Amino acid sequence: MSGCQTAEASLDVVTGILTVQTHDVYALIDPGSTLSYVTPFVSLKFGIKSNQLHDPFSVSTPVDESITAARVYRGCVVTVRGRDTMVDLVKLGMIDFDVIMGMDWLYSCFAKLDCRTRTMRLEFSNEPVVEWKGDNVV
């Protein structure tokens with residue numbers, strides 16, 4: 001089973017299409033990930049420069065590999081049902097997803113993730129709730 005199939009079959013993550021820097025991307029919403037990530041291929045479409053991370057680090061993958069993360073795209077706009085949010089995306093050589101949205105972004109959006117119904121609710125203070133529905137698991 002590939003990393004993508006493993007993630008899609010997992011009961012504690014949600015997959016679906018998000019808009020990042022005006023581009024629709026295939027996203028993994030993963031509360032088990034501390035940071036958020038983007039593939040090098042998708043990041044080329046952003047039209048913004050990445051910054052060198054002060055301290056590069058290794059990221060473990062579901063197939064027991066380790067990938068070094070050394071660059072970050074700061075202040076990327078993620079649009080969820082018309083509501084713009086911001087995230088720093090660490091550049092990571094992965095192939096199964098365009099982006100992985102981790103706890104850094106989920107926390108900043110006051111997100112609640114319902115893995116059973118595959119929905120995410122963004123509950124910003126004094127704003128209407130934004131609800132996003134991910135892919136259904138087959």
Side-chain angles (χ1 to χ4, degrees):
M1 190 179 283
S2 78
C4 184
Q5 290 169 324
T6 302
E8 287 176 340
S10 176
L11 299 177
D12 57 355
V13 298
V14 178
T15 60
I17 302 298
L18 287 177
T19 303
V20 179
Q21 293 292 109
T22 71
H23 298 279
D24 287 346
V25 297
Y26 187 51
L28 172 69
I29 312 298
D30 184 1
S33 178
T34 304
L35 300 175
S36 297
Y37 301 94
V38 63
T39 67
F41 176 74
V42 169
S43 65
L44 291 174
K45 299 177 185 180
F46 290 173
I48 59 175
K49 291 198 182 274
S50 64
N51 299 104
Q52 182 72 33
L53 287 171
H54 214 319
D55 294 313
F57 58 93
S58 292
V59 178
S60 297
T61 68
V63 290
D64 294 327
E65 293 177 358
S66 187
I67 303 171
T68 300
R71 303 202 64 82
V72 63
Y73 292 88
R74 301 226 183 260
C76 295
V77 177
V78 180
T79 306
V80 181
R81 299 191 51 83
R83 172 56 158 92
D84 287 346
T85 64
M86 302 288 278
V87 70
D88 292 341
L89 292 170
V90 177
K91 186 176 176 180
L92 191 67
M94 55 186 173
I95 57 170
D96 293 328
F97 298 97
D98 297 329
V99 296
I100 296 174
M101 306 306 291
M103 280 301 293
D104 58 338
W105 180 70
L106 293 166
Y107 177 83
S108 73
C109 295
F110 304 91
K112 292 184 179 176
L113 195 60
D114 184 336
C115 295
R116 180 170 293 280
T117 63
R118 301 295 197 215
T119 56
M120 176 178 61
R121 293 170 56 93
L122 308 183
E123 299 183 358
F124 295 98
S125 191
N126 300 317
E127 292 185 32
V129 171
V130 176
E131 190 168 286
W132 175 85
K133 179 95 169 114
D135 296 337
N136 289 326
V137 175
V138 177

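All residue numbers in this chain count up from 1 along the given sequence. Nothing here was measured: the structure is a model prediction, and the numbers come from that model.
Contact check for V38 versus V20: no side-chain heavy atoms found under the 4.5 Å cut-off. Contact of the M120 side chain with the L106 side chain is registered, since non-hydrogen atoms from C-beta on lie closer than 4.5 Å. In this structure, the side chains of I29 and W105 come closer than 4.5 Å at one or more pairs of heavy atoms. Residues T39 and I95 are not in side-chain contact: their nearest non-hydrogen atoms beyond the backbone lie 4.5 Å or more apart. Annotation: side chain of Y37 is not in contact with side chain of D30 (no heavy-atom distance under 4.5 Å). For the pair D96 and M94, the minimum side-chain heavy-atom distance is 4.5 Å or more. At least one side-chain heavy atom of M101 sits under 4.5 Å from a side-chain heavy atom of V87.
Atom NZ of residue K45 and atom OG1 of residue T22 lie 10.5 Å apart, to the nearest 0.5 angstrom. Once rounded to the nearest 0.5 Å, the distance linking CG of L113 with CZ of R118 reads 8.5 Å. Taking CD of E131 as the reference point, atom CD of E123 lies at 9.5 Å (rounded to 0.5 Å). One distance of note links CG of L28 with CD1 of I100; it measures 5.5 Å at 0.5 Å rounding. A distance of 14.0 Å separates CG in L92 from CZ in R71, rounded to the nearest 0.5 Å. Separation of atoms CG (D135) and CD1 (I17) is listed at 6.5 Å; rounding is to 0.5 Å.
No path of Ile, Leu, Val, Met, Phe, Trp and Tyr side chains, each step under 4.5 Å between heavy atoms, connects V80 with Y107, placing them in separate hydrophobic clusters. There is a path of hydrophobic side-chain contacts, each under 4.5 Å, that joins L18 to F110. In the hydrophobic clustering of this structure, I48 groups with V42; members are Ile, Leu, Val, Met, Phe, Trp, Tyr whose side-chain heavy atoms approach within less than 4.5 Å, directly or through other members. Residues I67 and F97 fall within the same hydrophobic cluster, defined by Ile, Leu, Val, Met, Phe, Trp and Tyr side chains chained together at heavy-atom separations under 4.5 Å. With hydrophobic clusters built from ILVMFWY side chains whose heavy atoms lie under 4.5 angstrom apart, V77 does not share a cluster with V130.
Between Q21 and H23, the shortest heavy-atom contact is O-CD2, 3.0 Å. Contact between G102 and S36 at its shortest, heavy atoms only, is N-OG, 2.9 Å. Taking each heavy atom of S58 and S66 in turn, the nearest pair found is CB-OG, 3.3 Å. Closest approach of A111 and L122 over heavy atoms only: CB-CD2, 3.7 Å. Closest heavy-atom contact between A69 and L53: O-CD1, 3.7 Å.
Enclosure of atom CZ in F41 is not indicated, since only 12 or fewer non-hydrogen atoms of other residues, nucleotides or ligands lie within 6.0 angstrom. Within 6.0 Å of the CG atom in L44, the count of heavy atoms belonging to other residues, nucleotides or ligands exceeds 12.
A distance-only check finds a donor-acceptor pair linking the side chain of D88 to the backbone of G75 [under 3.5 Å].
The aromatic rings of Y73 and F46 sit perpendicular to each other, their planes meeting at more than 60°, with 30° as the lower class boundary.
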